[in-house]
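Right, one structure below, let's go through it.
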Amino acid sequence: MSFSIATWNINSVRLRAGLVEDFLTAHQPDILCLQEIKCMNDQFPAKNFKKLGYEHQAVHGQKGYHGVAIISKRPLIGNFSTDYVSMGDTRHIAADFELAGKPTRIHNFYVPAGGDEPDIIKNPKFDHKLKFIDEMKVLGAMDDDVPAILVGDLNIAPYEQDVWSHKQMLKVVSHTPVETEGLLDVMKKGAWTDLMRQHIPMEEKLYTWWSYRSKDWAASNRGRRLDHVWSADELAKQLNAIEVVTEARSWEKPSDHVPVIARFDLV
DNA sequence: ATGACGGATCTAATCCGA
């Protein structure tokens with residue numbers, strides 16, 4: 001069976017429900033994981049997505065900040081959230097599905113941005129980010145013997161070609177060695193495969209985020225790959241394609257992140 | 001070195017993002 005999953009940091013789902021509808025209609029992913037919905041559960045535009053066939057939804061929101069959601073055309077067996085670093089933030093939600101007759105777990109993350117200065121003493125937000133990454137190291141791609149897919153805004157661009165200038169970004173939060181090494185350690189310890197880099201050569205520049213603070217994001221093209229799709233090996237072997245929907249950055253009133261879609265042929 | 005933009009909030013000025 002064909003199966004597809006998308007991830008998108010929407011930067012306010014109420015403001016951009018229309019863009020989400022356009023995206024779902026055009027690309028038809030089976031599952032969409034959203035981050036930074038910036039609303040409470042009862043404010044989530046559930047009906048807008050249900051009418052397009054995304055009847056199964058798991059929402060973990062809070063007022064004004066953060067918030068994650070999973071919307072799906074396929075039945076959701078169960079869902080749970082984990083409060084990483086015990087801050088009470090809504091930065092994770094997981095849901096279980098049956099795909100091609102097998103149980104499959106989806107994790108949706110919104111990792112803290114980490115503030116401006118990469119110094120855990122001067123900047124508590126950076127300390128929070130590193131602790132969050134540390135706690136992710138116990139999450140495995142085959143926990144409970146269920147193969148998993150992990151997606152989301154991880155707010156770290158791990159490789160040299162994941163940023164517009166490796167040299168100029170080494171001291172910028174999202175590409176400092178302590179972060180990139182930490183994220184690669186999460187991947188290694190959990191036996192996760194980076195599906196975007198499995199599909200797109202490591203030498204190729206690859207971005208999913210461009211700052212709002214640029215007059216012409218496409219001309220300057222100072223992007224970063226902050227959004228990720230990982231999976232257990234047995235799912236990685238069945239990956240067909242990765243699509244980065246770059247044109248979404250040019251839509252009217254866009255998010256600063258663009259959607260990423262992974263398409264599989266599951267047996 | 002700074003600021004550029006954009007969103008949410010006790011709708012005005014402040015915090016936050018990365």
Side-chain angles (χ1 to χ4, degrees), chain A residues 7-20 34-45 59-69 84-85 87-92 109-120 122-133 136 152-180 182-183 205-228 244 246 248-260:
Chain A
T7 179
W8 195 6
N9 178 320
I10 195 62
N11 187 18
S12 174
V13 73
R14 287 177 293 171
L15 197 65
R16 284 184 246 285
L19 291 188
V20 175
L34 294 165
Q35 305 88 35
E36 281 206 89
I37 61 173
K38 291 186 173 176
C39 66
M40 294 184 287
N41 289 359
D42 61 3
Q43 299 173 312
F44 186 76
V59 183
H60 188 39
Q62 72 183 72
K63 190 177 179 178
Y65 298 104
H66 323 311
V68 286
Y84 284 79
V85 203
M87 299 272 288
D89 290 349
T90 54
R91 296 178 177 275
H92 169 261
F109 277 96
Y110 173 51
V111 171
D116 281 321
E117 209 167 347
D119 183 319
I120 60 167
K122 292 185 199 161
N123 174 14
K125 289 179 190 172
F126 194 66
D127 186 53
H128 175 217
K129 184 180 195 177
L130 297 187
K131 286 187 169 126
F132 195 103
I133 291 295
M136 286 176 74
D153 176 5
L154 305 184
N155 267 318
I156 297 173
Y159 299 121
E160 293 196 14
Q161 305 309 327
D162 293 341
V163 292
W164 65 279
S165 166
H166 171 61
K167 201 179 162 191
Q168 290 180 76
M169 288 288 299
L170 277 169
K171 290 180 179 172
V172 176
V173 173
S174 72
H175 194 63
T176 65
V178 64
E179 294 170 87
T180 59
L183 193 69
K205 290 282 189 195
L206 189 56
Y207 312 140
T208 63
W209 172 90
W210 292 261
S211 173
Y212 283 126
R213 301 180 188 189
S214 168
K215 282 177 185 149
D216 186 339
W217 71 276
S220 60
N221 198 24
R222 294 185 171 190
R224 305 177 198 174
R225 183 169 74 107
L226 303 179
D227 302 276
H228 298 265
V244 180
T246 307
R249 189 61 181 78
S250 293
W251 293 348
E252 201 177 329
K253 295 271 275 172
S255 167
D256 45 358
H257 295 253
V258 298
V260 181

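So that the names make sense, note that chain A is the first sequence line, chain B the second, and so on, each numbered from 1.
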Interatomic distance at [atom1], [N] relative to [M], whole Å:
| N | M | atom1 | answer |
| --- | --- | --- | --- |
| dA18(B) | dA8(B) | P | 14 Å |
| dC10(B) | dC15(B) | P | 14 Å |
| dG6(B) | dT2(B) | P | 22 Å |
| dT14(B) | dA1(B) | P | 26 Å |
| dA4(B) | dT9(B) | P | 24 Å |

Handout entry: Under 4.0 Å protein heavy-atom contacts per nucleotide of nucleotides 9-18 of chain B, with B for base, S for backbone only and - for none
Key = SS-----SBB
Atom [atom1] of [X] to atom [atom2] of [N]: distance rounded to whole Å?
| X | N | atom1 | atom2 | value |
| --- | --- | --- | --- | --- |
| W251(A) | dG6(B) | CH2 | P | 18 Å |
| I37(A) | dG7(B) | CD1 | C1' | 14 Å |
| F44(A) | dA8(B) | CZ | P | 14 Å |

Practice task
Without swapping roles, check the side chain of H175(A) against the backbone of A157(A) for a donor-acceptor pair under 3.5 Å.
Solution key: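 Flag set: sc H175(A) to bb A157(A) pair under 3.5 Å.
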Handout entry: Flag, side chain of N123(A) to backbone of E117(A), donor-acceptor distance under 3.5 Å
Key =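 Yes, the answer is positive, given that a donor and an acceptor are paired below the 3.5 Å cut-off.
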Practice task
Evaluate the ring planes of F109(A) and H92(A), with Trp represented by its six-membered ring, and classify them as parallel (under 30°), tilted (30 to 60°) or perpendicular (over 60°).
Solution key: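 Plane angle between 30° and 60°, so tilted.
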Practice task
Just say parallel, tilted or perpendicular for the rings of H66(A) and Y110(A), cut-offs at 30° and 60°.
Solution key: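 Rings of H66(A) and Y110(A): tilted, 30 to 60°.
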Exercise for the section: Determine the contact category for K215(A): base if any of its heavy atoms lies under 4.0 Å from a base atom, sugar-phosphate if only primed atoms, P, OP1 or OP2 are that close, otherwise nothing. Expected result: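 The residue K215(A) makes no contact with any strand.
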Handout entry: dA4(B) phosphate, OP1 or OP2, under 4.0 Å from S211(A) side-chain N/O
Key =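 Looking at the OP1 and OP2 atoms of dA4(B), neither is under 4.0 Å from any side-chain N or O of S211(A).
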Handout entry: More than 12 heavy atoms from other groups under 6.0 Å of NZ on K205(A)
Key =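 Enclosed.
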Exercise for the section: Let me know which of T246(A), D256(A), N221(A) forms a side-chain hydrogen bond (donor to acceptor under 3.5 Å, both in side chains) with W210(A). Expected result: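 Considering T246(A), D256(A), N221(A), a side-chain hydrogen bond (donor to acceptor under 3.5 Å, both in side chains) with W210(A) is found only for N221(A).
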